[in-house]
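The structure appears below as structure tokens.
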Amino acid sequence: MKKNKFTIILFTLLLLFINGCSGEINAPRENSELDEIVYASTKDIRDINPHLYSGEMAAQNMVFEPLVINTDDGVKPWLAESWEISEDGLEYTFHLRQDVTFTDGEPFNARAVKMNMDAILENKSRHAWLDMVHLIKENIVVDEYTYKLVLQQPYYPTLIELGLTRPFRFISPSSFINGTTKEGVNGYVGTGPWILSEHKNDQYARFIANDHYWGEKPKVRALRWKVMPDHQSILLALEKGDINLIFGSDGDMVNIDSFKALEDQGVFQTLLSEPITSRTILLNSNSPVLNNLQIREAIQYAIDKESIADGLFNGLETAAYTLFAPNVPYANVDLPKRTYNPVYAKELLDRAGWKLGEDRYRYKEGKKLEMTIYFNSDNASERTISEYLQQNLQEVGISLKIVGEEKQAFLDRQKSGKFDLQFSTSWGIPYDPQSFVSSWRIPAHGDYQAQLGLENKEWLDQTITALLIEPDAEKRQKMYTDILSYLHKEAVYVPLTYSRTKAIFDPALKGVTFTQSQYEIPFEKMYFE
């Protein structure tokens, strides 16, 4: 798209101007002698209590560890060396590593595991998005290094959810306040490869390598998490050599135009993960204007996803026609593909009784067909996508207002259900599909609110509950197929693209890679050369 190319040119010219209009972009400063990675983020780490949700997940993952980890090859041992599952699927017996201590010297053992699990269960309502917290019957210390988890019913995602970044991570019992963690902790002491050594709110956090780490130790001495809320400042800091690394999703770092410009210049290293999450628009079936299926369907056909993927994202994202990509477990379901077809979109709107007026917008009984899309103003791409959607919908006679909101206001609006259209993303593997689908039943999520006007919402929630405790994989597949087929038919989600995690970094920084989860950054693998 012309606008996209123009943005890249402007960005390149800006870098040239900063370097004295010399016609050359400065190479990054020498980092071979450095022993500290400087990572830029738009967000502070905040409260990284692993049993709560206000902290940055990448920072929590640096300090706190799980019993098992999720990998592309399935669930693997971590703080637990091995485990057995009873034939009835109710008991999981974990054999813990015996060479692990918390960084304050406290032993990591079955007693510490039980204390942490009990603390998580004490705050059960906060973790209601995970069915597992409702199904845990008992935490048992079998012996010093053997822990048994007892469930009320079989729960197929048990091991997957134990490996998530939160809440099933372990903090030193000495950090508990009054024997619990739900009201806060008095320190961030974990077993992980990093130790939080300093934190200044909204400025920076400094992590140092854990010299006594049981596993492979970080390859650098320290990492500085530098808070820079302005995306342009992050780019300039990278160019000047003040930071070494930008890493994250599109909304967390730079927009795709800037990424492409830096990639084309070849001065910095750039990496793209495999497709991770589904970038979608929620259509609120409970909204007065969108409670009509024909209108929701018309919007599906009115949006040119290929142009969004190729034009707005320079082909670095893939157009999406289903809520989950086919590589997501249980999601390879044969669903009809809604491609860009404005003629058919107009036909659907005509059938729904919305007729084109002289101003080229549609009206019914004197009322204009008008709706509002809300986006997170901190996100680097959502405004641009909104403007593109506005043009697409105008072509078929729908008036779309665009409203950007600060992130917390945006999230509050999701919870309240006071929206017509709103941006959303899936959570990516290992959360997709089971954890993301599970969250649809909770009023605190935009998905629940968008589905609330559906005739079969009660059936949908009951089916989700049933599939999570269904031990038979073939029956689970049938349930997932029914759920995904129903939501596709009801056109509640407009899948746009399958997005990727991005990394831009100093060429002297080696070992930059991705994990299965978009919320984790493997800093411990990085080093300077």
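Numbering of residues begins at 1 and proceeds along the displayed sequence.
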Strictly distance-based, threshold 3.5 Å: is any side-chain N or O of [X] a donor or acceptor partner for the main-chain N or O of [Y]?
{"X": "Gln449", "Y": "Pro443", "answer": "yes"}
{"X": "Tyr486", "Y": "Asn456", "answer": "yes"}
{"X": "Thr71", "Y": "Gly74", "answer": "yes"}
{"X": "Arg166", "Y": "Gly55", "answer": "yes"}
{"X": "Ser273", "Y": "Thr501", "answer": "yes"}
{"X": "Ser175", "Y": "Ile171", "answer": "no"}
{"X": "Ser172", "Y": "Gly190", "answer": "no"}
{"X": "Thr42", "Y": "Pro229", "answer": "no"}
{"X": "Ser86", "Y": "Leu90", "answer": "yes"}
{"X": "Arg413", "Y": "Lys418", "answer": "yes"}

Can we say [X] and [Y] salt-bridge, meaning some charged N sits less than 4.0 Å from an Asp/Glu carboxylate O?
{"X": "Glu524", "Y": "Lys219", "result": "no"}
{"X": "Glu317", "Y": "Arg500", "result": "no"}
{"X": "Asp44", "Y": "Arg46", "result": "no"}
{"X": "Arg221", "Y": "Glu36", "result": "no"}

Taking atom types as modelled, is there a side-chain donor on [X] or [Y] under 3.5 Å from an acceptor on the other?
{"X": "His231", "Y": "Asp378", "answer": "no"}
{"X": "Arg169", "Y": "Asn61", "answer": "yes"}
{"X": "Asp432", "Y": "Ser426", "answer": "yes"}
{"X": "Asp447", "Y": "Gln451", "answer": "no"}
{"X": "Ser499", "Y": "Thr497", "answer": "no"}
{"X": "Gln434", "Y": "Ser438", "answer": "no"}
{"X": "Ser174", "Y": "Glu106", "answer": "no"}
{"X": "Tyr498", "Y": "Glu274", "answer": "no"}

Using a cut-off of 6.0 Å, state whether more than 12 heavy atoms not belonging to [X] lie near its atom [atom1].
{"X": "Asp230", "atom1": "CG", "result": "yes"}
{"X": "Gln152", "atom1": "CD", "result": "yes"}
{"X": "Glu216", "atom1": "CD", "result": "no"}
{"X": "Lys525", "atom1": "NZ", "result": "no"}
{"X": "Glu458", "atom1": "CD", "result": "no"}

Quiz item: Are Phe247 and Phe514 close enough that their ring centres sit under 6.0 Å apart?
Solution: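 Yes.
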Quiz item: Would you say the ring centroid of Phe423 lies under 6.0 angstrom from that of Tyr374?
Solution: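 Centroid distance Phe423-Tyr374: not below 6.0 Å, so no.
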Side-chain touch [X]/[Y], heavy atoms, less than 4.5 angstrom:
{"X": "Pro66", "Y": "Leu164", "value": "no"}
{"X": "Lys43", "Y": "Val227", "value": "no"}
{"X": "Leu149", "Y": "Leu67", "value": "no"}
{"X": "Val333", "Y": "Phe324", "value": "no"}
{"X": "Pro167", "Y": "Tyr53", "value": "yes"}
{"X": "Trp459", "Y": "Asp482", "value": "yes"}
{"X": "Ile385", "Y": "Arg279", "value": "yes"}
{"X": "Glu490", "Y": "Glu455", "value": "no"}

Quiz item: What pairs of residues pass the ring-ring contact (aromatic ring centres under 6.0 Å, His included) test when at least one of them lies in residues 187-211, not counting sequence neighbours?
Solution: none
Between atom [atom1] of [X] and atom [atom2] of [Y], what is the distance when rounded to the nearest 0.5 Å?
{"X": "Thr191", "Y": "Arg97", "atom1": "OG1", "atom2": "CZ", "answer": "10.5 Å"}
{"X": "Asn286", "Y": "Tyr448", "atom1": "CG", "atom2": "OH", "answer": "9.5 Å"}
{"X": "Asp143", "Y": "Thr146", "atom1": "CG", "atom2": "OG1", "answer": "3.5 Å"}
{"X": "Trp225", "Y": "Ile243", "atom1": "CH2", "atom2": "CD1", "answer": "13.0 Å"}
{"X": "His127", "Y": "Ile442", "atom1": "NE2", "atom2": "CD1", "answer": "13.0 Å"}

Self-check item: Lys NZ or Arg CZ of Arg224 over Tyr39 ring: under 6.0 Å, within 45°
Solution: no
Quiz prompt | Trace of the side chain to side chain contact (heavy atoms under 4.5 Å, CB included) decision for Ile464 with Leu460 | solution = CA-CA 6 Å; Ile464 292 170; Leu460 180 66; 4.3 Å; yes
Quiz prompt | Geometric class of the Tyr92/Phe94 ring pair [parallel <30°, tilted 30-60°, perpendicular >60°] | solution = parallel
Practice problem: Apply side chain to side chain contact (heavy atoms under 4.5 Å, CB included) to the pair Leu454 and Leu487, showing each step before the final yes or no. | Solution: CA-CA 9 Å; Leu454 298 179; Leu487 286 177; 3.9 Å; yes
Quiz item: Between Phe410 and Phe375, is a ring pair (Phe, Tyr, Trp, His ring centres under 6.0 Å) present by the stated rule, with each step listed?
Solution: CA-CA 7 Å; Phe410 172 82; Phe375 69 93; 8.1 Å; no
Exercise. Report the C-alpha separation of Phe259 and Ile246 in whole Å, then their side-chain angles, then the decisive distance to 0.1 Å, and conclude whether the side chain to side chain contact (heavy atoms under 4.5 Å, CB included) test is met.
Key: CA-CA 10 Å; Phe259 181 89; Ile246 307 172; over 6 Å; no
Quiz item: Trp427 pairs by ring pair (Phe, Tyr, Trp, His ring centres under 6.0 Å) with which of Trp440, Trp129, Tyr519?
Solution: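 The option that passes is Trp129.
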Self-check item: Asp472: partners by side-chain contact (heavy atoms from CB on, under 4.5 Å), with sequence neighbours left out
Solution: Glu470, Glu474, Lys475
Quiz prompt | Test log, rule side chain to side chain contact (heavy atoms under 4.5 Å, CB included), inputs Met117 and Leu162 | solution = CA-CA 11 Å; Met117 296 296 286; Leu162 286 174; 4.3 Å; yes
Practice problem: Please collect all salt bridge (charged side-chain N to carboxylate O under 4.0 Å, His left out) contacts where either partner lies in residues 125-140, sequence neighbours excluded, each pair once. | Solution: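 Matches after skipping sequence neighbours: Asp131-Arg441.
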Quiz item: Can Ser287 and Asp420 be said to form a side-chain hydrogen bond (donor to acceptor under 3.5 Å, both in side chains), step by step?
Solution: CA-CA 6 Å; Ser287 159; Asp420 297 321; 2.6 Å; yes
Self-check item: CA sep, side-chain torsions, deciding dist, call: Asn139, Asp118, side-chain hydrogen bond (donor to acceptor under 3.5 Å, both in side chains)
Solution: CA-CA 7 Å; Asn139 294 300; Asp118 286 346; 2.9 Å; yes
